[in-house]
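Encoded as structure tokens, the structure appears first; notes follow it.
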There are 2 protein chains.
Amino acid sequence: MNETRRGQPEVPVAHHDARGRSDTRARIQEVAVALFAEQGYEKTSLREIAERLDVTKAALYYHFKSKEDIVRSLVEDYFGQVDALITWARAQPATAATRGEILRRYVGIVAEGDEVFRMLHQNQAAVTSLAAAKNRGELFRERMSSLIGLLTGPAAPLEERLRAAMALGGVSVGWMFFADQVPDRAELCAAVLSIATDIAEGGTLRV
Amino acid sequence: MNETRRGQPEVPVAHHDARGRSDTRARIQEVAVALFAEQGYEKTSLREIAERLDVTKAALYYHFKSKEDIVRSLVEDYFGQVDALITWARAQPATAATRGEILRRYVGIVAEGDEVFRMLHQNQAAVTSLAAAKNRGELFRERMSSLIGLLTGPAAPLEERLRAAMALGGVSVGWMFFADQVPDRAELCAAVLSIATDIAEGGTLRV
DNA sequence: GTCTATAGACGGATAGAC
DNA sequence: GTCTATCCGTCTATAGAC
């Protein structure tokens with residue numbers, strides 16, 4: 001149960017460098033994402049995170065002011081990228097090329113955010129009710145709504161909006177399901193994008 | 001959010017029928033699903049469920065042997081239907097008609113299961129780690145894998161399996177996002193199915 | 001920056017009366 | 001079937017030494 005080093009290939013090895021300086025903060029985030037995604041946010045205690053890092057709970061509080069603060073540092077980064085995408089897209093002409101580019105960037109965000117993205121979707125309820133306090137509105141739904149609007153226009157018919165929603169949803173599920181099963185992420189990325197574009201454009205555009 | 005007791009987010013009224021018989025068990029399930037979906041499984045305490053029902057925690061333990069048992073009673077029903085679908089599908093010829101029917105039934109299960117389905121997806125991490133004890137393997141991933149296999153054949157190329165996965169994912173997201181926004185559920189159901197079939201068949205079949 | 005120790009709160013669960 | 005009362009565990013978070 002306590003395999004501090006092993007498993008995911010990218011977990012760093014050293015706790016300290018030669019002078020005793022530590023990158024503990026970043027390592028806390030790494031371990032936290034992994035545990036939150038695996039067991040859930042609430043079920044993961046600070047004690048458990050601390051144990052994996054071979055530090056004590058109190059040390060965590062030096063780097064983060066609360067458990068919620070750890071998750072916030074993770075989530076902000078991801079949603080920040082989505083918000084940036086939305087802002088960018090609103091300044092573009094509503095062309096098919098723009099819609100294609102929105103999907104392309106969205107797939108990029110998902111692919112890059114990977115672990116945080118998975119953690120987020122595994123803990124939607126917990127994360128949403130955390131953020132609800134400061135970040136008003138529904139974290140996921142609001143962004144989803146914006147993206148659908150940008151992919152279809154403000155008052156598109158149901159079928160069209162549905163295609164956009166299913167394209168977005170397909171990206172999430174498709175990526176998360178296959179990300180750790182295929183060797184070539186770039187290939188997966190391209191395939192997901194191609195199908196998502198296909199879905200959104202409703203067969204008028206074939207790649 | 002709460003359509004069982006329509007109206008505001010308020011407390012149900014009747015505790016007993018005329019003869020003192022109570023449907024407490026069913027009402028516990030209703031309240032639990034709603035709260036779990038809204039705030040998350042772990043964040044919802046038995047005290048809170050009991051309060052909404054105007055009973056005490058101890059009363060809950062008469063009907064369910066544990067908190068986990070409440071969620072299990074909910075989840076079993078849903079996954080039972082999915083498993084039945086998989087069993088049925090395995091006994092069918094691997095034709096396009098069968099694949100279409102798999103999707104049709106899957107959409108039906110999602111549409112009917114609605115609230116439980118939403119609760120499940122809002123608490124994937126929590127629910128998975130609960131069931132892990134008795135129901136070995138990944139609750140979601142394993143079923144997903146089976147369905148993808150049935151929709152594509154055992155050793156289909158990545159793109160084809162990806163289409164299947166994204167069709168399934170699209171159904172979940174599409175339904176959950178629009179279910180409480182459109183007046184006509186049957187219409188939504190048909191539209192989702194149509195698009196999902198479109199996705200899975202990869203443009204060879206147009207509805 | 002990290003530790004030990006502990007406060008303070010809350011949760012799940014049980015016993016036994018009615 | 002439901003209640004009151006209570007036990008025990010675990011958790012977040014803080015105080016203060018080093």
Side-chain angles (χ1 to χ4, degrees), chain A residues 1-2 4 12 14-32 35-36 38-74 123 125-127 129-131 133-134, chain B residues 11-32 35-36 38-74 123 125-127 129-131 133:
Chain A
M1 172 184 171
N2 198 357
T4 318
H15 303 178
H16 306 273
D17 66 21
R19 281 194 304 286
R21 277 261 304 135
S22 74
D23 54 341
T24 306
R25 192 189 150 93
R27 292 174 52 242
I28 292 172
Q29 291 175 316
E30 285 168 24
V31 170
L35 287 176
F36 292 162
E38 190 186 317
Q39 322 177 319
Y41 171 73
E42 314 269 3
K43 213 185 171 185
T44 301
S45 67
L46 295 181
R47 184 186 51 74
E48 199 170 0
I49 296 174
E51 261 171 22
R52 284 231 184 169
L53 291 166
D54 264 311
V55 297
T56 61
K57 278 193 297 175
L60 304 185
Y61 280 95
Y62 176 82
H63 297 279
F64 297 92
K65 77 179 231 294
S66 66
K67 185 185 180 184
E68 181 176 339
D69 193 41
I70 298 179
V71 108
R72 211 170 38 82
S73 75
L74 267 9
N123 295 282
V127 171
S129 72
L130 280 190
K134 45 195 64 173
Chain B
V11 188
V13 179
H15 304 172
H16 306 272
D17 66 20
R19 281 195 304 285
R21 279 260 303 134
S22 77
D23 53 341
T24 305
R25 193 188 149 94
R27 290 174 52 241
I28 292 171
Q29 291 175 316
E30 284 168 25
V31 170
L35 287 176
F36 291 162
E38 189 186 318
Q39 323 177 318
Y41 171 74
E42 313 269 4
K43 213 185 171 183
T44 302
S45 67
L46 293 180
R47 184 186 51 73
E48 199 171 359
I49 296 173
E51 260 170 22
R52 283 231 184 168
L53 291 166
D54 261 312
V55 296
T56 60
K57 277 195 295 177
L60 302 184
Y61 280 94
Y62 176 82
H63 297 279
F64 296 92
K65 77 180 230 297
S66 67
K67 186 186 181 184
E68 181 178 339
D69 194 41
I70 298 178
V71 108
R72 213 171 37 82
S73 75
L74 267 8
N123 295 282
V127 171
S129 70
L130 280 190

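To find a chain, count down the sequence lines: A is the first, B the second, and so on, and within it residues start at 1.
- Note: NZ (A/K67) to C1' (C/dC10) measures 14 Å, nearest angstrom.
- Nucleotide C/dT6 holds its C1' atom 14 Å from the OH atom of A/Y61, rounded to whole Å.
- Computed from coordinates, the A/L53 CG to C/dC3 C1' distance equals 15 Å when rounded to whole Å.
- Of the listed nucleotides (C/dG12, D/dT2, C/dC3), C/dG12 has the atom at the smallest distance from the side chain of B/L46.
- A salt bridge links B/R47 to B/E51: one of the charged nitrogens lies within less than 4.0 Å of a carboxylate oxygen.
- The 5' end of DNA chain D is approached more closely, in terms of each residue's nearest nucleotide, by A/R47 than by the other of A/R47 and A/A58.
- A/T56 comes within 4.0 angstrom of a base, heavy atoms only.
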task = Apply side-chain contact (heavy atoms from CB on, under 4.5 Å) to the pair A/I28 and A/V55, showing each step before the final yes or no.
result = CA-CA 10 Å; A/I28 292 172; A/V55 297; over 6 Å; no
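- Side-chain N/O atoms of B/Y62 include none lying less than 4.0 angstrom from OP1 or OP2 on D/dT2.
- Looking at A/Q39 and B/S129, their side chains never bring a donor and an acceptor atom within 3.5 Å of each other.
- Residue A/S45 places no side-chain N or O under 4.0 Å from the OP1 or OP2 atom of D/dT10.
- A donor-acceptor contact under 3.5 angstrom links the side-chain atoms of B/K57 to the base of C/dG12.
- Atom-to-atom, NZ of A/K43 to P of C/dG12 comes out at 14 Å; the value is rounded to the nearest Å.
- We find the CD-OG1 distance between B/E42 and A/T44 to be 9.0 Å, quoted to the nearest 0.5 Å.
- In this structure, A/D69 atom CG and D/dT12 atom P are separated by 14 Å, rounded to whole Å.
- Look at CZ on A/F64: it is 18 Å from C1' on D/dT14, rounded to the nearest Å.
- Rounding to the nearest 0.5 angstrom, the gap separating the OG1 atom in A/T24 from the CG atom in A/L53 is 7.5 Å.
- To the nearest angstrom, P of D/dA13 lies 8 Å from NZ of A/K65.
- Judged by the 6.0 Å and 45° rule, A/K67 forms a cation-pi pair with A/Y41.
- Atom CG in A/D54 sits about 15 Å away from atom C1' in C/dG1, given to the nearest Å.
- In this structure, A/I49 CD1 and A/I70 CD1 are separated by 5.0 Å, a value rounded to the nearest 0.5 Å.
- Between A/T24 and the phosphate of C/dT2, there is a side-chain N or O to OP1/OP2 separation shorter than 4.0 Å.
- Remark: DNA chain D takes part in the stems C:1-18 with D:1-18, each of 3 or more antiparallel Watson-Crick or G-U pairs, criterion distances under 3.5 Å.
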